[in-house]
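Lettering follows sequence order; numbering is per chain, from 1.
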Amino acid sequence: MQPSGAPAGTGETVYLAVALDVPLPGLFDYSHDRPVAPGVRVRVIFGRRAMVGMVWAVREAPGVAADRVRPIEAVLDDLPPMPADWLRLAEFAAHYYHRPLGEVLLPVLPPSLRRPAAYTGARSAGGPVCRADRRPGASRAARKRKGAAQAVPADAADAAETAAGADAAAPQAADPVRDDAGPALTEAQTRALAGLRELLAAGAGVALLHGVTGSGKTELYLRLAQQVIAAGRQALLLVPEINLTPQLEQSVRARLGDRLAVIHSRLSEGDRLRAWLGASRGQADILLGTRLALFTPLPRLGLIVVDEEHDASYKQQDGLRYSARDLAVWRGHDLGVPVVLGSATPSLETWRHAQEGDYRLLSLPERAQAQPLPEIRLVDTRRARLEQGFTPQLLDALEDRLARGGQSLVFINRRGYAPVLRCPSCAWVSQCRRCTAHMVLHRLGGRHVLQCHHCGDAMPVPRACPDCGDPDIQPMGRGTQRVEEFLAQRFPGARVLRIDADATRLKGSAEALFARAHAGEADILVGTQMVSKGHDFARLGLVGVLNADAMLFSQDFRAPERLFAQLMQVAGRAGRREGGAQVIVQTDYPEQTVYQALLRHDYARFAAHALEERRDLGLPPFSSQALLTAQAVQVRDALDFLAVARARARALPEAAGVRIHDPVPLRIVRVARVERAQLLFESDGRGALHRLLRALLPGLDELARGAVQHWGIEIDPQEI
DNA sequence: AGCACGCCGACT
DNA sequence: GTCGGCGTGCTC
Ligand SMILES: [Zn+2]
Ligand SMILES: [Zn+2]
């Protein structure tokens with residue numbers, strides 16, 4: 001660290017334009033005795049507090065009155081300046097998402113690099129980088145985890161298969177062509193790999209690897225990464241949060257060696273910094289991580305892979321609302337590095353790019369191990385007599401699987417026992433006092449409680465109706481817990497295992513529950529979307545889907561797209577190791593395209609239909625959207641703010657070609673005593689929309705003074 | 001966003 | 001009398 005005022009200054013005062021993580025536009029000028037390179041972090045006093053900022057530019061004169069300018073406290077020179085391409089990426093993100101530079105540059109760094117106290121305390125010992133370098137090994141906890149992971153695979157082939165998750169082409173015991181380079185490829189894999197290698201040879205471009213669950217996409221990523229590493233470059237492999245398991249890490253390590261860095265949000269600060277340093281110093285050849293790994297400097301980057309590119313977890317939901325997939329494509333393009341997007345159900349944005357020829361489309365139409373895809377049955381629930389939500393067909397199928405010793409999965413995307421409690425005599429329902437939403441009945445231990453899924457509030461279940469005293473209040477509908485209870489009682493001999501966010505929180509780690517399922521300690525699994533990702537269950541022969549229609553009723557135009565992806569994913573759990581698997585989807589609307597396309601495992605048909613609809617309605621990907629959001633105690637104030645914003649926008653010359661909708665309250669207006677509303681902007685071209693926002697947004701802070709607590713802009717919203 | 005200052009209600 | 005409530009305003 002270079003203390004300010006240290007010797008060897010030039011004597012000339014310069015002004016450093018510093019980016020700070022504050023929601024204020026622009027940069028802040030600080031004085032210093034010599035120039036400092038852009039991309040270097042500095043410690044400064046801002047207002048009353050110490051902050052870490054990043055130098056963006058050097059100026060000869062301050063942009064504000066000289067008496068307001070303060071000196072740099074310290075130049076944090078324990079790291080070289082951030083590289084130019086990294087600064088370009090951050091600049092693009094700040095510009096595209098309409099946020100100040102500092103709100104991108106600093107939050108994407110490992111936390112210890114942006115905390116001023118990490119450099120000042122008595123125990124700071126030269127700062128976080130020195131401390132990390134002094135203990136180059138991983139932390140004790142990390143070593144323990146690694147040791148445990150390595151101890152597991154007695155059968156390495158099997159471990160690699162489960163681990164690489166959805167898409168490892170599993171080496172079979174009898175596979176004759178297997179060698180150190182990995183399992184033998186199918187014909188389709190070989191063709192796709194050739195296409196990917198052409199992309200690599202071309203040096204840039206985007207490919208969409210479209211392959212059904214189990215078609216072996218992961219194997220192709222690994223081979224491509226191997227090739228890139230052999231050429232002396234680094235590979236960045238992004239995966240959804242839920243897929244980044246110790247097993248995946250272990251299998252990548254087994255295949256690509258120890259020069260692997262892993263970055264995700266659940267790492268300790270020390271481990272995260274060490275991984276980040278390893279990747280940014282070029283010591284790691286491969287970086288495996290979740291969306292936040294996208295912002296890691298990689299000096300020798302040669303390949304970016306985004307697995308399950310349609311996954312919602314690539315979109316950050318708090319702070320800077322960026323899409324790691326979109327930024328990955330930008331970074332690849334900027335650096336002239338190939339980008340591979342993989343999915344069984346690509347986002348329609350990506351699919352359209354592939355159809356238009358912007359992206360190279362490579363398909364893996366079949367499962368790698370030649371098991372047929374499961375047979376799908378739609379069961380019409382309109383005229384069925386239901387038993388706790390189950391049709392006789394599904395119950396019969398469950399019974400049949402039980403008799404044959406197979407495993408089944410009942411999928412219901414709703415946690416808890418019942419979504420609402422209701423009084424039969426009056427209008428009382430279990431309403432949350434802080435939200436416009438029902439409190440959900442949960443079984444906790446042996447007792448029941450009411451829980452709000454939106455604000456986290458909890459309360460005991462009343463013994464009788466609080467309004468009229470009727471003791472006979474009833475749970476309405478069902479969630480995983482009630483389904484679990486029903487199945488246990490309906491099939492007394494069966495071992496029923498529930499896997500959802502509550503079960504994994506309560507009974508220890510998710511991995512332990514999944515391990516029980518894998519070990520065959522359950523006949524019927526009951527789960528939410530948590531079970532539909534990343535995990536294969538060897539003996540799983542039947543998947544039953546309850547309540548799929550709930551996702552269809554959403555106002556959001558992307559609801560069918562998400563439902564289709566969800567159903568394909570959960571259907572893909574069945575029959576991974578043996579044939580004869582079956583999926584039963586209960587629905588009131590079997591004629592809907594989503595379900596008809598699902599019957600044939602036909603993504604292309606679904607996508608063509610959905611795209612046609614989007615084109616007719618002028619929706620993405622045929623238009624660009626932005627959402628202006630506002631929060632207030634009273635939704636009226638939020639709506640008024642948005643109405644004025646709309647009037648201002650319409651008065652601007654930049655409004656030409658931009659459709660500005662009406663301000664509307666959110667579907668769930670109040671969450672934790674805050675009421676929300678939004679205003680949708682839409683235009684056919686991206687440029688017009690962004691020009692309008694650039695003219696409109698700077699004035700809104702002033703407009704929001706008063707009853708509006710908060711406002712924000714979301715570019716390319718994925719839920720509206 | 002923090003973090004101050006600032007001016008009115010109930011507490012030792 | 002002051003402890004603290006959060007309204008308002010500023011931060012290079
Ligand atoms: Zn009542
Ligand atoms: Zn609530």
Side-chain angles (χ1 to χ4, degrees), chain A residues 2 4-5 9 12-76 90-91 93-94 97-109 111-120 316-322 434 628-634 636-638 640-641 671-676 697-714:
Chain A
Q2 176 72 54
S4 101
E12 296 286 309
T13 295
V14 295
Y15 297 91
L16 305 180
V18 174
L20 294 170
D21 180 18
V22 288
L24 302 171
L27 301 163
F28 302 90
D29 294 342
Y30 286 84
S31 61
H32 196 53
D33 61 359
R34 84 194 73 183
V36 173
V40 170
R41 291 165 308 123
V42 290
R43 191 159 50 80
V44 297
I45 304 295
F46 183 73
R48 317 280 154 132
R49 64 204 154 120
M51 298 186 84
V52 170
M54 187 173 285
V55 176
W56 187 256
V58 182
R59 290 169 183 164
E60 288 184 3
V64 292
D67 60 349
R68 292 175 64 195
V69 175
R70 298 207 231 187
I72 296 279
E73 296 291 309
V75 176
L76 306 177
E91 183 180 30
Y97 293 108
H98 297 266
R99 301 303 317 175
L101 268 168
E103 277 191 35
V104 182
L105 289 167
L106 293 143
V108 302
L109 294 176
S112 45
L113 295 183
R114 52 182 146 97
R115 202 175 326 101
Y119 288 87
T120 52
Q316 177 135 71
Q317 283 306 328
D318 50 316
L320 180 80
R321 302 196 156 196
Y322 65 90
R434 307 168 64 209
L628 184 61
T629 60
Q631 306 185 341
V633 175
Q634 302 284 324
R636 188 71 258 159
D637 292 312
D640 287 347
F641 164 79
V671 168
R673 296 197 221 276
V674 174
E675 302 196 341
R676 301 113 27 104
L697 299 183
L700 292 190
D701 263 329
E702 197 196 353
L703 184 62
R705 253 176 238 164
V708 173
Q709 297 172 337
H710 186 80
W711 68 273
I713 188 76
E714 178 161 10

Take atom CH2 of A:W56 and atom P of C:dC12, then tell me their distance rounded to the nearest Å.
21 Å
Atom CD of A:Q709 and atom C1' of C:dT8: how far apart are they, to the nearest Å?
15 Å
For A:A61, enumerate each residue passing the side-chain contact (heavy atoms from CB on, under 4.5 Å) test, keeping only those at least two apart in sequence or located in another chain.
none
For A:I45, which contact category applies under a 4.0 Å heavy-atom criterion: base, sugar-phosphate, or nothing?
sugar-phosphate
To the nearest angstrom, how far is A:D701 atom CG from C:dG9 atom C1'?
13 Å
A:L27 CG to C:dT11 C1', straight-line distance once rounded to whole Å:
14 Å
Would you classify A:F46 as touching base, sugar-phosphate or nothing, given that sugar-phosphate means primed atoms plus P, OP1 and OP2, and contacts are heavy atoms under 4.0 Å?
base
Trace of the salt bridge (Lys or Arg N to Asp or Glu O under 4.0 Å) decision for A:D21 with A:R114
CA-CA 9 Å; A:D21 180 18; A:R114 52 182 146 97; 5.9 Å; no
Within the structure shown, what part of the strands sits under 4.0 Å from A:L24 by heavy-atom distance: base, sugar-phosphate, or nothing?
base
At under 4.0 Å between heavy atoms, what does A:V22 touch on the DNA or RNA strands: base, sugar-phosphate, or nothing?
nothing
Would you indicate what A:R70 reaches in the nucleic acid, counting non-hydrogen atoms under 4.0 angstrom: base, sugar-phosphate, or nothing?
sugar-phosphate
B:dG2 P sits how many Å from A:H710 NE2, rounded?
12 Å
Spacing of A:R115 atom CZ relative to B:dA1 atom P, expressed in whole Å:
21 Å
A:R48 has a side chain; which of C:dT11, B:dA4, B:dA1 sits nearest to it?
B:dA4
Between A:L20 (CG) and C:dC12 (C1'), how many Å, whole number?
8 Å
What is the distance, to the nearest angstrom, from the CG atom on A:L101 to the P atom on C:dC12?
18 Å
Heavy atoms only: give me the nearest A:D29-A:V64 pair and the separation to one decimal.
OD2-N, 4.3 Å
Which one of A:R41, A:R43, A:E73 satisfies the side chain to side chain donor-acceptor pair (under 3.5 Å) criterion with A:Y119?
A:R41
Using the ring of each side chain (for Trp, its six-membered ring), is A:F641 parallel, tilted or perpendicular to A:W711, with breaks at 30° and 60°?
tilted
